[in-house]
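Scroll down for the structure; my scribbles are underneath it.
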Amino acid sequence: MEAQVLFNTVAKHLMVQGRRAMANQGQTCAYRSADGCKCAVGVLIPDELYDVHMEGLSIARMLDQLDELELPAPLAQFIKNDLEPHLHLLMALQAAHDGLTPEDWAGELRRIARKFKLNLPEVLQ
């Protein structure tokens with residue numbers, strides 16, 4: 001997956017969804033929440049690969065512990081092959097979802113686009 005495609009997918013998803021994906025009665029961010037929301041990284045993971053054991057781990061920590069985690073092989077392979085090449089971009093996107101209010105996402109996504117030399121998708125123009 002190219003960085004621009006990844007960024008466009010995440011930006012559009014966050015701006016349309018307009019709220020965080022939360023777990024534990026709104027106490028922690030989640031890749032997938034019970035109400036169907038997905039976080040900035042969760043939206044990139046195909047439904048058939050998602051595994052609940054990834055919850056509670058940042059993308060950086062998940063990659064760091066990938067060999068120790070008991071994730072299904074197809075998910076581990078997807079994380080390694082498709083997500084790891086974009087780790088720093090994913091960390092920035094995950095931090096925006098987890099650390100900012102949805103009202104602040106557009107500005108932060110624009111900043112991330114500049115930092116990573118990406119074009120703004122239509123949803124941010």
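Residue indices begin at 1 and follow the sequence shown. Keep in mind that the numbers below use all heavy atoms, side chains included, and drop hydrogens, waters and symmetry copies.
What you find for Q17 and C37 is that their closest heavy atoms are OE1-CA, 3.3 Å. Taking each heavy atom of H86 and M1 in turn, the nearest pair found is NE2-O, 2.6 Å. Taking each heavy atom of N8 and Q4 in turn, the nearest pair found is OD1-NE2, 2.7 Å. Scanning all heavy atoms of the two residues, the minimum distance from A40 to V10 falls at O-CG2, 3.1 Å. The minimum heavy-atom distance linking A106 with M15 is given by the pair CB-CE, 3.7 Å. For the pair P102 and R19, the tightest heavy-atom approach, listed with the atom from each and the gap, is CG-CA, 3.9 Å.
Pairs of residues two or more places apart, or lying in two chains, never qualify as salt bridge (Lys or Arg N to Asp or Glu O under 4.0 Å) while including a residue from residues 85-97. Residue pairs that meet the salt bridge (Lys or Arg N to Asp or Glu O under 4.0 Å) test with at least one member in residues 60-82, sequence neighbours left out, are K80-E84. Contacts classified as salt bridge (Lys or Arg N to Asp or Glu O under 4.0 Å) and involving residues 110-125 (residues at least two apart or in different chains) are given here: E108-R111.
By the 4.5 Å heavy-atom criterion applied to side chains, I45 and L75 are counted as neighbours. Here the side chains of D47 and K38 are in contact, with some heavy-atom distance below 4.5 Å. Contact of the L71 side chain with the L66 side chain is registered, since non-hydrogen atoms from C-beta on lie closer than 4.5 Å. Considering only heavy atoms from C-beta on, L44 stays 4.5 Å or farther from H13 through its side chain. At least one side-chain heavy atom of L93 sits under 4.5 Å from a side-chain heavy atom of L6. In this structure, P121 and K12 have side chains that are not in contact, with every pair of non-hydrogen atoms separated by 4.5 Å or more. When side chains are defined from C-beta on, F78 counts as touching L83, because their heavy atoms get closer than 4.5 Å. Contact annotation: the side chain of W105 approaches that of H97 to within less than 4.5 Å [non-hydrogen atoms, C-beta and beyond].
With rounding to the nearest 0.5 angstrom, the CD1 atom of I112 is 11.5 Å from the CE atom of M91. Atom-to-atom distance recorded for R20:CZ and T28:OG1 is 11.0 Å, nearest 0.5 angstrom. The SG atom of C39 sits 7.5 Å away from the CD atom of E55 when rounded to the nearest 0.5 Å. Q94 contributes atom CD, which lies 11.5 Å from atom CG of L89 (distance to the nearest 0.5 angstrom). Remark: L63 CG to L69 CG distance equals 9.5 Å, nearest 0.5 Å.
Y31 pairs in a side-chain contact (heavy atoms from CB on, under 4.5 Å) with only one of the listed residues (V43, I59, V52), which is I59. None of L118, L124, V123 except one satisfies the side-chain contact (heavy atoms from CB on, under 4.5 Å) rule with L120; the exception is L124.
M22 and V41 fall into different hydrophobic clusters, where Ile, Leu, Val, Met, Phe, Trp and Tyr side chains are chained together by heavy-atom contacts under 4.5 Å.
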Go through N119 and F7 one step at a time and tell me if the side-chain contact (heavy atoms from CB on, under 4.5 Å) criterion holds. CA-CA 9 Å; N119 296 318; F7 180 75; over 6 Å; no
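Around the CD atom of Q125, the shell of radius 6.0 Å holds more than 12 heavy atoms that belong to other residues, nucleotides or ligands.
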